[in-house]
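A short write-up of the structure that comes next.
For the single chain, residues carry numbers from 1 onward in sequence order. Source: prediction; values computed, not measured.
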Amino acid sequence: MPHPTSNPQAEPPQLDLASLLEAIAKALPERECLVWHDTREDNRHNVRDGVRRDGGGRRARSWGEMVGRSRRLAHVLHARGMGWRDRPAEPWESPHDHLALLLHNGPEYLEGLVGAHMARVAPFNVNYRYTGDELAQLFGDARPSAVIYHARYVPRIIEALERTGLQPLLLSVDDGSETPQPPDARAYEEALAAASDEPLDVVPSPSDLHILYTGGTTGLPKGVLWRIGDLMLGPLGLRRRDHTAITDLDEAVARAVRSDARVLVGPPLMHGAGTWSALGGWCGGACVVLPARVDGLDAADLLAVAEREKITRIPLVGDAFARPIAAELERRRYDLSSVRSLLNSAAAISPGVKKRLVELLPHARITDVLGSSETGLQVARQGAEDRPFAATPGAVVLSADRSRALSPGEDELGWLAKGGSIPLGYLNDPDKTAATFVTLDGTRVVVAGDRARLLPDGTVQVHGREATTINTGGEKVFAEEVETVLRGLPGVADALVIGRPSERWGTEIVAVLRPAKPNTGVSDSRDADASDARGGDVAGRQGGGVSDGLDGGVSDGELRDGCAEHLARYKIPKAFVRTSGSLRLPNGKADYAAARRLVDGSGPS
C-alpha cells in the first residue's frame with residue numbers, strides 16, 4: 001500500500017529525485033555538477049575513483065560521474081536486501097529501510113542521499129557532534145539498516161549500536177584520521193569500486209520517504225517524514241516563476257540544461273538548510289560547490305571560494321553567517337560580481353547586519369525565508385528593511401484556536417500554517433503527528449508553532465515561536481523580538497533570551513550575550529566555530545545582572561538603554577549573562593539549551 005499523500009484532495013502528478021537527476025545526467029553527462037576541496041595530504045582513494053584534479057585541493061565531478069557513483073551505492077544497499085517494503089503504513093510510519101548519514105559536508109553525503117533514493121531506501125541526517133547518548137537515542141528511533149560515516153566517529157557509533165542492539169551495514173569514509181575500524185565495517189570507496197554503475201532494476205516513486213531530523217532547538221530531535229515528491233515541489237523549489245509545480249520530466253530537464261547557476265553550500269548538509277540548498281540546486285541544474293572548511297564557517301574561505309568559482313547563489317543561516325561575512329567583506333575586497341542572490345533561512349539576520357550586506361553587495365538580492373523542517377518555506381521577503389513577509393503558496397494564518405483560516409486584517413494573534421506540499425508526520429510519534437498536522441475544511445496543514453498576524457494587505461507579521469514565548473508579569477514577550485534588538489546593539493555579537501523563575505514577576509527575562517570583539521563590533525566566526533567544533537561546553541565569564549561586560553565590553557546599563565529605544569519596558573531583560581562560547585547549533589539555529597545552562601549557573605538577579 002503506498003503512503004498516504006499529504007493532500008489527497010489536490011494531489012498532482014510528481015517527479016522523484018533519483019529519476020530527475022538520472023535524466024539531467026543523461027542530458028549533461030560532462031557538465032560539472034559538484035566541486036569540493038580536499039586538503040588532506042593523503043588523497044590516494046581519489047586516484048581510482050575518476051575524480052579530476054585541478055590543483056589547490058579542488059576536486060570536481062561531472063553529472064555522469066556523480067550519477068554513476070550514486071548507482072554503485074544503490075547497488076551496495078540493494079545487495080543487502082534494503083529498499084521499500086510493500087506494507088500498510090500510517091503517516092508516522094516508514095515502509096523503507098533507513099540509511100544514516102554521519103558525515104561532514106562532502107561528495108559522500110550527496111551520493112548517500114541520491115544513492116539511497118535510487119534504491120528506495122530512506123536517508124536520514126545525523127548530527128556529527130552528537131554524544132554517544134544522543135546517538136543511541138537517535139538510532140533507537142530511526143533504526144538504520146546502514147550507516148555511512150567519517151571514520152573518526154566510529155567509537156560513538158559502536159557505543160550507540162551496542163546500546164540499541166542494531167547491526168547495520170557500516171560504510172567507513174576515509175577522513176585521514178586513521179581511526180581503527182571494526183572488522184565488519186567496509187571501506188566506502190572499496191564497496192563502491194566493487195559495485196556496478198549500471199542503473200538498478202528498481203523504480204523509485206514520488207511517494208518514497210526522505211527523513212529529516214529536526215535540530216532539537218526546543219526539544220529532542222524528531223524525524224520528519226517527507227515524501228520526496230512533496231519535498232521537490234516544496235523546499236527544493238521545483239516550480240516555475242509563477243509558483244506552479246513542474247511535474248513533467250522533459251520540462252524539468254530543459255530547465256536544468258538552461259541553468260548557469262553555481263550554489264555555494266556553506267551550511268551543514270546534516271541540516272535542512274544545507275541539504276535543501278544542495279538538492280534544490282541540483283534539481284534546477286546548478287553546480288553545487290562546497291567550501292574548503294567543512295566543520296564550521298570560515299568567512300574568508302567561503303568568500304575566496306565564491307570568488308574563484310564564480311558563485312551565483314549563497315545560502316545563509318542568520319547572523320551566524322551574515323555577521324562574519326560582512327566583517328570579512330569590510331576587511332578585504334572580493335570580486336563577487338557573479339553573485340546574484342543571498343538566500344537566508346533557519347535564523348534571522350539583524351537589520352543592521354543586513355543593511356551592511358546590501359551596501360557591500362549592492363548587485364545581489366537578499367531574500368529572507370522563514371520555515372521549518374516540518375513546513376519548508378512558509379513566508380519570504382526581500383531587501384534590507386525589516387518589513388512583514390509575503391506568504392508563499394499554501395501558507396495561511398490560523399485563528400488562535402486553530403479552527404479556521406484568518407482573513408486579511410483580522411486583528412488576532414494566530415498561528416502560521418502551511419498546506420500543499422508538506423510532510424506526512426513524525427516518525428514513530430502518532431500523538432505529535434496528530435497535534436502538528438491538522439485538517440481544516442478538508443485540507444491538511446502543518447502548524448509548526450510560529451505565532452503570526454495576517455495584516456490588511458495580506459502580508460504576514462511573524463512574532464516568533466510559541467515554545468520560546470515568555471510570560472512575565474502578565475505580559476507575553478516573544479524572545480525573538482528581544483533577541484533581534486540586542487543583536488543590533490553595539491558590542492553584541494549574538495544574543496538569546498529565555499525566562500527564569502522570579503518571585504516578583506513569576507518569570508523574568510534574561511539575556512545571554514556573546515560580546516563582539518573589541519574595536520570591531522563583529523564576531524570572529526573562526527573562533528566561535530572552532531570552540532564549537534571541539535565539542536566543549538559553552539564557557540566564559542558570566543554576569544548575573546551586575547557585570548560590566550566581558551573583556552571591558554558594553555555594560556548592563558548601556559544594554560538596557562539600547563533596548564529601551566526599541567522595546568516596551570516589560571520586554572527589557574532584567575539580567576544579562578555573558579559568554580565567550582557559541583550560542584548556535586551547527587546549523588546556525590539558536591542553542592537555547594546552552595543558554596539555559598548558563599542562566600541556571602548565574603544565579604538570580
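Under 3.5 Å, the side chains of S94 and H98 contain a donor-acceptor pair of N or O atoms. With hydrogens and angles left out, the side-chain atoms of Y213 and N127 include no donor and acceptor closer than 3.5 Å. Judged by distance alone, the side chains of S207 and R227 do bring a donor and an acceptor atom under 3.5 Å apart. Counted by atom type alone, E22 and S19 present zero donor-acceptor pairs between their side chains at under 3.5 Å. Between the side chains of D335 and S337, at least one donor N or O sits under 3.5 Å from an acceptor N or O. With hydrogens and angles left out, the side-chain atoms of Y188 and E111 include a donor and acceptor closer than 3.5 Å.
Expressed to the nearest 0.5 Å, how far OG of S421 lies from CG of L377 amounts to 11.0 Å. Once rounded to the nearest 0.5 Å, the distance linking OG1 of T275 with CG of L236 reads 9.5 Å. The structure places CG of L110 at 8.0 Å from CG of N105, a figure rounded to the nearest 0.5 Å. Taking CG of L269 as the reference point, atom CG of L113 lies at 7.5 Å (rounded to 0.5 Å). Atoms SG and CG, on C283 and L238 in that order, are 6.0 Å from each other to the nearest 0.5 Å. If you take CZ on R255 and CZ on R258, they are separated by 8.5 Å, rounding to the nearest 0.5 Å.
Between R332 and E307, at least one side-chain nitrogen of the basic residue sits less than 4.0 Å from a carboxylate oxygen of the acidic one, meeting the salt-bridge criterion. Between R293 and D301 there is no salt bridge, since no side-chain N of the basic residue sits under 4.0 Å from a carboxylate O of the acidic one. Between R356 and E330 there is a salt bridge, since at least one side-chain N of the basic residue sits less than 4.0 Å from a carboxylate O of the acidic one.
Between R262 and E32 the shortest side-chain heavy-atom distance falls below 4.5 Å. R313 has its side chain out of reach of V339: every pair of non-hydrogen atoms, C-beta onward, lies at least 4.5 Å apart. With contacts defined as side-chain heavy-atom distances shorter than 4.5 Å, the pair V492/D494 does not qualify. Under the 4.5 Å side-chain criterion, counting only non-hydrogen atoms from C-beta, V289 is not in contact with W36. Contact of the L225 side chain with the P423 side chain is not registered, since no non-hydrogen atoms from C-beta on lie closer than 4.5 Å. A 4.5 Å side-chain heavy-atom check between V35 and E309 finds at least one atom pair inside the cut-off. Residues S70 and M118 have side chains in contact (heavy-atom distance under 4.5 Å, counting atoms from C-beta outward). Here the side chains of V173 and L103 are in contact, with some heavy-atom distance below 4.5 Å.
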Could you walk me through whether D591 and R584 satisfy the salt bridge (charged side-chain N to carboxylate O under 4.0 Å, His left out) test, starting with their C-alpha distance in whole Å, then the side-chain angles of each, then the deciding distance to 0.1 Å, before giving a yes or no? CA-CA 5 Å; D591 190 349; R584 297 284 148 180; over 6 Å; no
Can V263 and I311 be said to form a side-chain contact (heavy atoms from CB on, under 4.5 Å), step by step? CA-CA 6 Å; V263 183; I311 294 299; over 6 Å; no
Carefully, step by step, assess L486 and L489 under the rule side-chain contact (heavy atoms from CB on, under 4.5 Å). CA-CA 5 Å; L486 285 167; L489 297 179; 4.1 Å; yes
Check the pair T244, D242 against side-chain hydrogen bond (donor to acceptor under 3.5 Å, both in side chains), reporting the backbone distance first and the verdict last. CA-CA 6 Å; T244 55; D242 63 0; 2.5 Å; yes
Please assess V121 against H96 for the test side-chain contact (heavy atoms from CB on, under 4.5 Å), listing each intermediate value before the final yes or no. CA-CA 6 Å; V121 171; H96 301 268; 5.9 Å; no
Test log, rule ring-ring contact (aromatic ring centres under 6.0 Å, His included), inputs Y149 and Y128: CA-CA 9 Å; Y149 62 95; Y128 53 74; over 10 Å; no
Walk me through it: do L101 and V126 pass the test side-chain contact (heavy atoms from CB on, under 4.5 Å)? CA-CA 6 Å; L101 298 171; V126 182; 5.8 Å; no
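Between W63 and W282, the ring-plane angle classifies as tilted under the 30° and 60° cut-offs. Relative orientation of the H104 and Y153 rings is tilted, given thresholds of 30° and 60° on the angle between their planes.
Each of D319, V317, L342 was checked for a side chain to side chain contact (heavy atoms under 4.5 Å, CB included) with I349, and the lone residue meeting it is D319. For the pairing with I366, the side chain to side chain contact (heavy atoms under 4.5 Å, CB included) check across L343, L361, V358 returns one residue only, V358.
Sorted by first and then second residue, the ring pair (Phe, Tyr, Trp, His ring centres under 6.0 Å) pairs with a member in residues 365-394 form an empty list; sequence neighbours excluded. Within the structure, salt bridge (charged side-chain N to carboxylate O under 4.0 Å, His left out) contacts touching residues 266-276 (residues at least two apart or in different chains) do not occur.
With sequence neighbours left out, Y334 forms a ring pair (Phe, Tyr, Trp, His ring centres under 6.0 Å) with no residue at all. Partners of H463 by ring pair (Phe, Tyr, Trp, His ring centres under 6.0 Å), not counting sequence neighbours, listed by chain and number: F478. Taking the salt bridge (Lys or Arg N to Asp or Glu O under 4.0 Å) definition, one finds that D260 meets it with R340, sequence neighbours left out. W226 is linked by a ring pair (Phe, Tyr, Trp, His ring centres under 6.0 Å) to nothing, counting only residues two or more places apart in sequence or in another chain.
Summarising the geometry of L297 relative to A320, their closest heavy-atom pair is CD2-O, 3.3 Å, with the distance given to 0.1 Å.
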